[in-house]
Number of protein chains: 2
Amino acid sequence: MKISKRSKIPEATITRLSVYSRYLKRLDKQMITTISSSEIAEGVGVSSAQVRKDLAYFGEFGTKGVGYNVNDLIRYLVKILGLNVDWNMLLVGAGNLGAALVTYHEFKDRGFYITGVFDNDVTKIGTKILDMEILSLDKMPDIIKKYNVRIGILAIPPQAAQAVADLFVKNGLEAILNFAPININVPKNIEVRNVDLSIMLETITFSLAGKK
Amino acid sequence: MKISKRSKIPEATITRLSVYSRYLKRLDKQMITTISSSEIAEGVGVSSAQVRKDLAYFGEFGTKGVGYNVNDLIRYLVKILGLNVDWNMLLVGAGNLGAALVTYHEFKDRGFYITGVFDNDVTKIGTKILDMEILSLDKMPDIIKKYNVRIGILAIPPQAAQAVADLFVKNGLEAILNFAPININVPKNIEVRNVDLSIMLETITFSLAGKK
DNA sequence: GTATGTGAACTATTTCACAGCT
DNA sequence: AGCTGTGAAATAGTTCACATAC
């Protein structure tokens with residue numbers, strides 16, 4: 001089975017593929033070998049047509065009248081998402097959030113590794129989070145080279161975010177996971193994903209304020 | 001100026017209103033009093049038509065030929081998002097992520113307060129994160145009543161997530177911010193927002209895998 | 001002159017429904 | 001008989017472009 005060339009895939013489709021893959025891994029552990037689109041749909045909370053459409057962007061992974069082989073489908077999804085290889089990341093910001101990210105088990109389960117932790121606070125440099133020594137920013141090029149890092153994580157206050165983002169770009173990183181609640185400007189070939197917890201809460205309060 | 005009744009507002013619009021409001025607060029601190037939709041657009045990285053459309057769902061907040069009054073617009077947005085009142089939340093899961101959330105300053109800045117921290121690990125109960133004592137789950141009804149809590153945060157492993165979500169619902173919470181990487185099933189009148197960091201990374205690796 | 005507010009046009013995404021394969 | 005894969009239809013969301021107000 002070939003994995004087709006990507007034409008124009010909705011971002012939401014990629015998000016769901018990631019959800020499917022994790023759900024399928026759970027099924028795989030329970031020794032379930034075959035599954036239909038409607039069972040996946042049921043398990044992750046989307047429609048079965050959506051599941052089939054999402055998968056069909058990349059190939060014909062199922063068997064008509066039967067469904068999908070769980071193991072095979074996991075392998076296709078892992079390949080599509082680029083998870084057949086490990087990804088080394090570096091983290092700037094050794095505060096509470098940074099510490100939570102370093103110890104976040106789900107990352108390792110999915111093949112994501114934080115291979116460098118940086119901070120510009122001199123009282124932190126040289127101390128450790130788990131076994132990771134906190135480094136000064138000028139060590140960044142060494143770490144990027146040594147571990148072939150392509151992804152940077154920003155877990156710092158908003159005032160400092162743009163400067164560190166610039167540093168990421170200058171050092172050749174290709175993607176940024178940004179936890180700072182500010183819009184960072186980078187060249188358009190750099191992938192940026194913003195994680196903003198206050199925004200998520202505010203979509204909740206908007207809905208709740210509309211109720212009672 | 002009246003804030004109009006909500007008809008059918010895209011979720012993405014609410015997300016952007018939240019972004020606008022934070023950007024405007026920054027301008028307000030710099031003593032900027034008037035701003036155009038294109039300046040907002042520039043600052044947050046969307047189109048100016050998008051800004052105007054988003055605002056127009058709720059009322060006519062601007063002046064033709066002039067723009068928007070920063071202060072007034074902040075007040076409208078705060079009201080729309082339900083941030084004119086404080087929101088008390090409770091947190092289940094006193095691990096690293098939980099600790100990061102308790103100490104997350106941005107929450108307080110926006111009027112969100114964690115007024116109870118729970119865990120089912122008996123070695124944690126009675127210890128503290130900052131000044132918050134970690135409580136056993138059976139104290140939940142007391143805290144909800146005492147602080148009029150409507151929002152619960154799940155920062156626990158996926159295996160335990162559904163059971164605690166059920167407990168939230170049983171105790172009358174109306175919204176859940178879920179950090180567990182699993183689909184939780186709740187009645188449809190309960191608002192759920194999922195924060196899944198691995199998924200965000202996987203949309204990045206999908207894009208990067210497509211490159212070199 | 002300038003910038004909003006908004007229908008209309010356009011683009012994107014989801015759902016429908018069924019032909020085709022097992 | 002059952003379930004996929006997919007065009008077509010429906011729905012949702014964004015951008016255009018301009019009349020209107022200051």
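A note on names: the letters A, B, ... follow the listed sequences, proteins ahead of strands, and every chain is numbered from 1. Atoms considered below: every heavy atom in the structure, side chains included; atoms not considered: hydrogens, waters and symmetry mates.
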Nucleic acid contacts - residues 13-21 of chain B versus DNA chain D, non-hydrogen atoms under 4.0 Å: B:Arg16

5' precedence on DNA chain D between A:Lys53 and A:Gly65 (nearest-nucleotide basis):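 Result: A:Gly65.
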
Quickly work out the [X] [atom1] to [N] [atom2] distance and round it to whole Å.
{"X": "A:Ile9", "N": "C:dT13", "atom1": "CD1", "atom2": "P", "answer": "10 Å"}
{"X": "B:Asp72", "N": "C:dT4", "atom1": "CG", "atom2": "P", "answer": "15 Å"}
{"X": "B:Glu60", "N": "C:dT6", "atom1": "CD", "atom2": "C1'", "answer": "10 Å"}
{"X": "B:Asn69", "N": "C:dA3", "atom1": "CG", "atom2": "C1'", "answer": "15 Å"}

Which residue lies more 5' along DNA chain C, comparing A:Ala49 with A:Val66 via nearest heavy atoms: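 Nearest nucleotide further toward 5': that of A:Ala49.
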
DNA chain C: 5'-proximal contact among A:Glu11 and A:Arg52 (nearest heavy atom):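 With A:Glu11 and A:Arg52 compared, the 5'-side residue is A:Glu11.
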
Aromatic contact, B:Tyr68 with B:Phe61 (centres under 6.0 Å):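 Centroid separation for B:Tyr68 and B:Phe61: 6.0 Å or greater.
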
pair B:Lys8-B:Tyr57: side-chain heavy atoms closer than 4.5 Å: no

Side-chain heavy atoms of B:Val51 within contact of B:Leu55, under 4.5 Å: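 Sidechains of B:Leu55 and B:Val51: in contact.
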
Side-chain N or O of A:Gln50 closer than 4.0 Å to phosphate OP1/OP2 of C:dT13: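 No, because none of the side-chain N or O atoms of A:Gln50 sits under 4.0 Å from OP1 or OP2 of C:dT13.
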
Donor-acceptor side-chain pairing of [X] and [Y] below 3.5 angstrom:
{"X": "B:Arg110", "Y": "B:Ser21", "value": "yes"}
{"X": "B:Asp54", "Y": "B:Tyr20", "value": "yes"}
{"X": "A:Glu39", "Y": "A:Ser36", "value": "yes"}
{"X": "B:Arg52", "Y": "B:Ser37", "value": "yes"}

Among C:dC21, C:dT15, C:dG5, the nucleotide that comes nearest once only the side chain of B:Lys64 is considered: C:dG5

Passing candidate, side chain to side chain donor-acceptor pair (under 3.5 Å) with A:Asn71, options A:Thr33, A:Thr34, A:Asp28: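 Of A:Thr33, A:Thr34, A:Asp28, side chain to side chain donor-acceptor pair (under 3.5 Å) with A:Asn71 is met by A:Asp28 alone.
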
Sugar-phosphate, base or nothing in reach of A:Ser37, heavy atoms under 4.0 Å: sugar-phosphate

Candidates A:Leu77, A:Ile74, A:Val78 - the one meeting side chain to side chain contact (heavy atoms under 4.5 Å, CB included) with A:Leu83: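 Per the side chain to side chain contact (heavy atoms under 4.5 Å, CB included) rule, the option paired with A:Leu83 is A:Val78, out of A:Leu77, A:Ile74, A:Val78.
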
For chain A, the stretch of DNA chain D it reaches, first to last nucleotide, under 4.0 Å of its heavy atoms: D:dG2 to D:dA8

